[in-house]
Amino acid sequence: AQSVAQPEDQVNVAEGNPLTVKCTYSVSGNPYLFWYVQYPNRGLQFLLKYITGDNLVKGSYGFEAEFNKSQTSFHLKKPSALVSDSALYFCAVRDEGLTGGGNKLTFGTGTQLKVEL
Amino acid sequence: KAGVTQTPRYLIKTRGQQVTLSCSPISGHRSVSWYQQTPGQGLQFLFEYFSETQRNKGNFPGRFSGRQFSNSRSEMNVSTLELGDSALYLCASSFSGGEQFFGPGTRLTVL
């Protein structure tokens with residue numbers, strides 16, 4: 001079964017510094033990977049996805065993610081963090097081999113990003 | 001386009017009662033998925049509906065059920081509520097196998 005792991009419960013970074021939120025995945029076939037962000041008392045907002053193609057994926061709000069097949073990783077990055085980026089970030093993988101297709105996502109446990117002045 | 005809407009936003013129920021949550025997807029989206037989010041278990045998939053048919057189901061007891069209407073709106077029902085059902089219930093819609101767009105959620109508290 002597919003899975004994703006987010007090894008860090010929390011990441012702290014100073015505003016203006018680059019940030020990285022880590023994610024590793026486990027799938028048997030080709031991975032469909034996603035990053036979502038959740039602000040307090042809100043639903044999840046889509047940031048970016050990797051389906052195929054370039055290993056560097058650009059997304060919303062200046063975020064990007066680097067897909068690395070050999071390391072089975074899909075780390076989220078941003079060159080310069082903002083205080084407003086402080087939120088809960090989830091990595092997810094779309095389940096494979098679902099009957100009739102489907103959109104089931106398996107999520108990581110989430111990483112709380114805190115950006116300080 | 002309007003986003004995914006969920007009603008109600010907050011709900012308080014007592015054990016043993018039942019509850020129905022509603023989700024209106026983005027216009028044109030035919031797939032609606034439901035997820036449960038709790039501090040202990042994280043985000044867990046409940047089920048997905050596509051063209052009024054349940055296409056996939058997660059590992060939840062039969063007390064959790066859902067349906068989808070011809071206009072793609074979806075409802076989920078939880079019967080015989082337990083304390084452990086307290087959670088944020090998220091609905092997500094997608095066009096066709098692409099990224100899912102989530103609603104703000106319904107916060108259910110079971111007393």
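Fair warning: this is a prediction, and the values are worked out from it, not measured in the lab. To find a chain, count down the sequence lines: A is the first, B the second, and so on, and within it residues start at 1.
- Between the CG atom of A/Leu44 and the CD atom of B/Glu99 there is a distance of 13.5 Å, given to the nearest 0.5 Å.
- The distance from the NZ atom of A/Lys104 to the CZ atom of B/Phe47 is 13.0 Å, given to the nearest 0.5 Å.
- When every heavy atom of A/Leu105 is checked against every heavy atom of B/Tyr35, the shortest pair comes out as N-OH, 3.0 Å.
- Shown here is A/Lys22, whose NZ atom has no more than 12 heavy atoms of other residues, nucleotides or ligands within 6.0 Å.
- Distance check: B/Ser94 OG to A/Arg94 CZ gives 8.0 Å after rounding to the nearest 0.5 Å.
- In the displayed structure, B/Arg15 atom CZ is contacted under 6.0 Å by at most 12 heavy atoms of other residues, nucleotides or ligands.
- Only the side chain of A/Gln38 comes within contact range of chain B, with at least one heavy atom under 4.5 Å from a heavy atom of that chain.
- Neither the backbone nor the side chain of B/Gln41 comes within contact range of chain A; no heavy atom of the residue lies under 4.5 Å from a heavy atom of that chain.
- Using a distance-only test at 3.5 Å, with no hydrogens or angles considered, a donor-acceptor pair links the side chain of A/Tyr36 to the main chain of B/Gln100.
- The two residues A/Phe90 and B/Gln37 come nearest to each other via the heavy atoms CZ-NE2, 3.6 Å.
- Enclosure of atom CZ in A/Arg42 is not indicated, since only 12 or fewer non-hydrogen atoms of other residues, nucleotides or ligands lie within 6.0 angstrom.
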In residues 108-117 of chain A, what donor-acceptor pairs under 3.5 Å come from side-chain atoms, sequence neighbours left out?
residue: A/Thr111; atom: OG1; partner: A/Gln6; partner atom: NE2; Å: 3.1
residue: A/Thr111; atom: OG1; partner: A/Glu8; partner atom: O; Å: 2.7
residue: A/Gln112; atom: NE2; partner: A/Ala87; partner atom: O; Å: 3.2

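- Crowding of A/Tyr61 atom OH: a count of heavy atoms from other residues, nucleotides or ligands under 6.0 Å not exceeding 12.
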Would you list the atom pairs, donor with acceptor, under 3.5 Å between side chains in residues 102-111 of chain B and any protein atom, with sequence neighbours excluded?
residue: B/Thr106; atom: OG1; partner: B/Pro8; partner atom: O; Å: 2.5

